[in-house]
There are 2 protein chains.
Amino acid sequence: MLTMTIRREDILDSACRCYVEGGVAGVSMRGLARDLGVTAPALYRHFASKEEVMVGVVSEAYGRLAGYLHRALEGPTALVRFRLAGEAYLSFALDHPRLYLTMYAGPSFLGMQEIPEEVAQRGCAIGRFWNDRVRECIQDGYLKPGSPDEIGTTMWAHAHGLLSLYLRGVLPIPEEAFRREFDASFWRMMVGLGTTRFDDAWAGLQNVDVESAALTP
Amino acid sequence: MLTMTIRREDILDSACRCYVEGGVAGVSMRGLARDLGVTAPALYRHFASKEEVMVGVVSEAYGRLAGYLHRALEGPTALVRFRLAGEAYLSFALDHPRLYLTMYAGPSFLGMQEIPEEVAQRGCAIGRFWNDRVRECIQDGYLKPGSPDEIGTTMWAHAHGLLSLYLRGVLPIPEEAFRREFDASFWRMMVGLGTTRFDDAWAGLQNVDVESAALTP
DNA sequence: GTCTATACCCCGATAGAC
DNA sequence: GTCTATCGGGGTATAGAC
């Protein structure tokens, strides 16, 4: 029989596709091999185990979220970058619910013993990116003074918690209603975190992504 | 060989123990059967599939959380019940991290196609219990007026989100530090949700569980 | 080096005997 | 209601072809 060579990247691509379709159970070494026109043991030239493949999938998920977030840096002011980052986070979670939940799923759900350092780092990096947006907004007087890390974590927790409840089906409402509830809940929380300057400026940002040409290339 | 009969309850007990120890992968029909001194096909008299066993495990997790929460009803005032419910929720999550994460894990992580109605109901019930505590506090003037469901969801999201980040390892701090950060973050959020009456009464509640004899039976 | 072929063991699930 | 026997599928270690 003919033999064909294979790239690590192709395995990961196939794994991501299978994962999005069918979760951890949808990813099997034999299945990936079949997809790629190869036999299972060949995959072990590139990955030591299925667990290592799954690490790659989770890493890829973080990479895609990072891609969504990165665009927020093009915003002209700290407050716009803050808002765009929040919107990007929300959009990623709603566009790719399974990948989103994967990033917070706990190692045993992904067939891992512990969270690999690589994955933990990526998780912390998301937090750092967000906290940087918060820091800017404190410096520019949009948010009340305080530790950017602690304040940022409060907001991150709120956003992730709400998304988690929604994606899990605990909030049985359609996506459009959820986006409204998300905004309302965010605003409720911001009463304690924003300054008057924040309140004044926030309303003017409703159409920022339409106005800012740099963000719709 | 001698044959022995088996109860559904025993299977579930064993399944919960195995699950807490090793996650979904730690639960196998053959393993459970071995634990119970029986062969695997015998289990299928009580459960149609492994998936159904896992539904039982998740249900059990919800039941245990409900047990934690139920004690909060013994508090003498709405604010005390509110606080005790919050503490119970936090304690359950920190005492049983794997069971806690299970309740929000998404069906595919538990080997299910969809969230069974039974599980969804239990999830909503937790929300309703909490929202009832919020409703009481609004009525008694501890929380600002508004929809109890929406305000309750905001707080639930914050608590779950923070716990989720911590249990996932995104906040690399010891449990004691996390409890402090949780309190601080909760307080930050409550600036926008509580009344002056809440602010005044909250400090006096720090030792409520020591003082209230009904809660340490 | 990179693949194929094979094999081992664990798993979920079913059929049919007692 | 349980057993034995069995099927299909999965992770992965090893041996050997090119």
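- In this structure, A:Glu117 has no salt bridge (Lys or Arg N to Asp or Glu O under 4.0 Å) partners at least two apart in sequence or on a different chain.
- Regarding A:Ile6, its CD1 atom lies at a distance of 12 Å from the P atom of C:dT2, rounded to whole Å.
- Taking atom CZ of B:Phe47 as the reference point, atom C1' of C:dT14 lies 19 Å away to the nearest angstrom.
- Residues satisfying the ring-ring contact (aromatic ring centres under 6.0 Å, His included) test with B:Tyr166, not counting sequence neighbours, are B:Phe178.
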List, one per line, each side-chain donor-acceptor pair under 3.5 Å for residues 148-156 of chain B, sequence neighbours excluded.
residue, atom, partner, partner atom, Å
B:Asp149, OD1, B:Asn131, ND2, 3.3
B:Thr153, OG1, B:Asp149, O, 2.7
B:Thr154, OG1, A:Ser185, OG, 2.5
B:Thr154, OG1, A:Arg188, NE, 3.0
B:Thr154, OG1, A:Arg188, NH2, 3.0
B:Thr154, OG1, B:Glu150, O, 3.1
B:Trp156, NE1, B:Tyr89, OH, 3.0
B:Trp156, NE1, B:Tyr104, OH, 3.3

Got a list of protein N/O to nucleotides 8-13 of chain D N/O distances below 3.5 Å?
residue, atom, partner, partner atom, Å
D:dG10, N7, A:Arg30, NH1, 3.3
D:dG11, OP1, A:Met29, N, 3.3
D:dG11, OP2, A:Met29, N, 2.8
D:dG11, OP2, A:Arg30, N, 3.4
D:dG11, N7, A:Arg30, NH1, 2.3
D:dG11, O6, A:Arg30, NH1, 2.8
D:dG11, O6, A:Arg30, NH2, 3.3
D:dT12, OP2, A:Tyr44, OH, 2.8
D:dT12, OP2, A:Lys50, N, 2.9
D:dT12, O5', A:Tyr44, OH, 3.3

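- Among the atoms of the strands shown, base atoms are found under 4.0 Å from some heavy atom of A:Ala42.
- Every side-chain hydrogen bond (donor to acceptor under 3.5 Å, both in side chains) that A:Tyr19 has, sequence neighbours left out, goes to A:Thr102.
- Qualifying side-chain contact (heavy atoms from CB on, under 4.5 Å) partners for B:Arg64, counting only residues two or more places apart in sequence or in other chains: B:Cys16, B:Glu60, B:Phe92, B:Leu99.
- Look at B:Thr39 and you'll find a side-chain N or O under 4.0 angstrom from OP1 or OP2 of D:dC3.
- A 4.5 Å side-chain heavy-atom check between B:His46 and B:Leu12 finds every atom pair outside the cut-off.
- Rounding to whole angstrom units, CZ of residue B:Arg45 and C1' of C:dC18 are separated by 13 Å.
- Atom CZ of B:Arg7 is separated from atom P of D:dT2 by 12 Å (rounded to the nearest Å).
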